Protein chains: 2
Amino acid sequence: MSMQDTASSGVALWRLVADGIERGIADGRFAAGDKLPGEMEIAETYRVNRHTVRRALAALAERGIVRAERGSGTYVEAQKLAYPLRSRTRFSEIVGADGREPHGRLIEASEDVATRELAKELGLKTGAPLVRIEAIRLADRTPICVSTTWLSAELFPGAGEVFAATRSMTKLLEHYGVRDYRRGATRITAGIVDATDAARLDLPLGRPILVVDATDHDLVGKPLVTKHSRFAAERVEFLVEP
Amino acid sequence: MSMQDTASSGVALWRLVADGIERGIADGRFAAGDKLPGEMEIAETYRVNRHTVRRALAALAERGIVRAERGSGTYVEAQKLAYPLRSRTRFSEIVGADGREPHGRLIEASEDVATRELAKELGLKTGAPLVRIEAIRLADRTPICVSTTWLSAELFPGAGEVFAATRSMTKLLEHYGVRDYRRGATRITAGIVDATDAARLDLPLGRPILVVDATDHDLVGKPLVTKHSRFAAERVEFLVEP
DNA sequence: CCAAGTTGTCTATGATAGTAGACAACTTCA
DNA sequence: TGAAGTTGTCTACTATCATAGACAACTTGG
């Protein structure tokens, strides 16, 4: 590999090495606690200077994914959160099942009006008043995802304040008398984090994110809320059950 | 935005701009055929030099996502493939439903032995003989995903040759008398494409990919094949039905 | 036709990425 | 204890990234 080989992809060489190692950890090629190959060996496999490898490892170390021990080697630290995509999915339950402490925090709540697409998802008319809630969810102290949630301002007046107090979408819906709800059709794609989300997720720029668009319905199929969520890809894996 | 602000994320500034525009297209902020804002305006919104914006647009143009018209503006070209993740999912049907021509191609077939994890997925013993099939799937002439597929070499002798001839996993299984099958538990995550897959998917280095691990079962639940697929995130979106 | 607004091309300059080599500091193991 | 192998630090050089300004070529709408 070399700067010419990248064909000017716009990613630094050390980033490619770091991503390669990280994927090796995600794949299970390197398990938690394992010792990585030496810097020289990594440099040879990626056909890259040792200093470039060091830069890659430094970036991974800063994110807590590996840990370097002088004279000995560099060791793997990390683990992903398993996130089942069932129709009845609650963030707090998933995180709790992983033995971690779930948290939610309101970033911002504001009034908004429905675009044509939002209106269609929520079964409202274009231009209908909405509440827009920007929130972040964490496991222990690690940010997992940021979500933009839209609800009808007529059905859920003051939803922003309620969310700020309860810090939970489930409790917010309970407050309005919704006892149970189900996830509807869900779109999943991947992208690169933007500057705003990078800061909120405590993620370096350029990292991959999983983008999930979903609408929750009550038990008779009436749309309640529609969400646009961005997950730090390196901290989570989705499980789709058949 | 500036080179200092990126905090050395390892991605070039023009890449961040290109990714931002691309995400705007994916989100529907810019629809197919729309005119993008002028280079000067984009430069202002990203707080970046116009030359940097030009570089970003040039990269998008080379990938066929936008088209620049001198004196007039820059216009959007692209569309994503909607990929439903139902338990009975066939690539050719999905692509056909999108009005495009599905293709498959064998990259490589080889003998392999089951690691502990592969053995567990396939209900075999560690070290059992496997056939490993590396294949690529395309819609029209656009590569959509590369998959590594493992099957028991005892249950499916010569599977590599059969796949090379039929170019379809469904037809391969039919050849061995499997009339129907279902997708089992599926893990989805995101990452950055590596050099090998980048070449196969005709993607620039550093682009995001959707990584899908799944095992297909016959109708009584016996594991048939297990797959590790990498999708070009910019060309596909997964739909999970409730 | 003209003015305003667009993309295309050129030159120039400072900051950063990547390569290269040498050596120090430390750990492991025989 | 000593040799081999590891990570840490320093200097130096080249290519690329990003910015900056100026102007050409072209399209659109009045």
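What you see is a predicted model, and the numbers here were worked out from it, not measured in a lab. Labels below follow one simple rule: chain letters A, B, ... track the order of the sequence lines, proteins then strands, and each chain is numbered from 1.
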Side-chain ion pair, A/Asp202 and A/Arg63, N-O less than 4.0 Å: no
Of C/dG8, C/dA20, D/dT19, the nucleotide closest to the side chain of A/His51 is C/dA20
note: B/Leu57, atom CG; C/dT7, atom C1'; distance rounded to Å ~ 10 Å
Per atom distances to the A/Leu13 side chain, the nearest of C/dT19, C/dA17, D/dA20 is C/dT19
Lys/Arg N to Asp/Glu carboxylate O, A/Glu108 vs A/Arg132, below 4.0 Å: yes
Ion pair check, A/Glu41 and A/Arg50, cut-off under 4.0 Å = no
Is B/Asn49 close enough to D/dA20 that one of its side-chain N or O atoms is under 4.0 Å from OP1 or OP2 there?
yes
Rounded to whole Å, CZ of B/Arg55 lies from P of C/dG8 at a distance of 15 Å
Of D/dT19, D/dT9, C/dG18, the nucleotide closest to the side chain of B/Thr52 is D/dT19
Check this for me, if you would: do A/Arg141 and A/Glu101 make a salt bridge, where the nitrogen-to-carboxylate-oxygen distance has to be below 4.0 angstrom? no
B/Tyr46 atom OH is separated from D/dT19 atom C1', nearest whole Å, by 19 Å
Legend entry - Ion pair check, A/Glu237 and A/Lys80, cut-off under 4.0 Å: no
**Asked** Do B/Arg116 and B/Thr126 have side-chain N/O donor and acceptor atoms under 3.5 Å apart?
**Response** no
Taken to the nearest whole Å, CD/B/Glu39 to P/C/dT9 is 11 Å
Rounded to whole Å, CD of A/Glu44 lies from P of C/dT19 at a distance of 14 Å
* **Under-4.0 Å salt bridge between A/Arg23 and B/Asp197** => yes
B/Thr74 has its side chain closest, among D/dG8, D/dA18, C/dT7, to C/dT7
To the nearest 10 degrees, the angle between the two end axes of the helix from C/dC1-D/dG30 to C/dA30-D/dT1 (five pairs per end) comes to 40°
Picking from C/dG8, D/dC17, D/dG8, the nucleotide nearest the side-chain atoms of B/Arg54 would be C/dG8
Notebook entry, point to check: Would you call A/Arg200 and A/Glu134 a salt bridge, taking side-chain N to carboxylate O under 4.0 Å as the test?
Noted result: yes
Has the side chain of A/Arg50 got a donor or acceptor atom sitting under 3.5 Å from an opposite partner on the base of D/dG8?
yes
Which atoms of nucleotides 3-5 of chain D (N or O only) lie under 3.5 Å from a protein N or O atom, and what are those distances?
from  : atom 1 : to      : atom 2 : distance (Å)
D/dG5 : N2     : A/Gly71 : O      : 3.0

Salt bridge present between B/Arg54 and B/Glu39 (N-O < 4.0 angstrom): yes
note: B/Arg47, atom CZ; D/dT19, atom C1'; distance rounded to Å ~ 16 Å
Taken to the nearest whole Å, CD/A/Glu69 to C1'/D/dT7 is 10 Å
Hits for ring-ring contact (aromatic ring centres under 6.0 Å, His included) against A/Phe163, two or more places apart or cross-chain, chain-then-number order -> none
Atom CG of B/Leu36 and atom C1' of C/dG5 are separated, to the nearest Å, by 16 Å
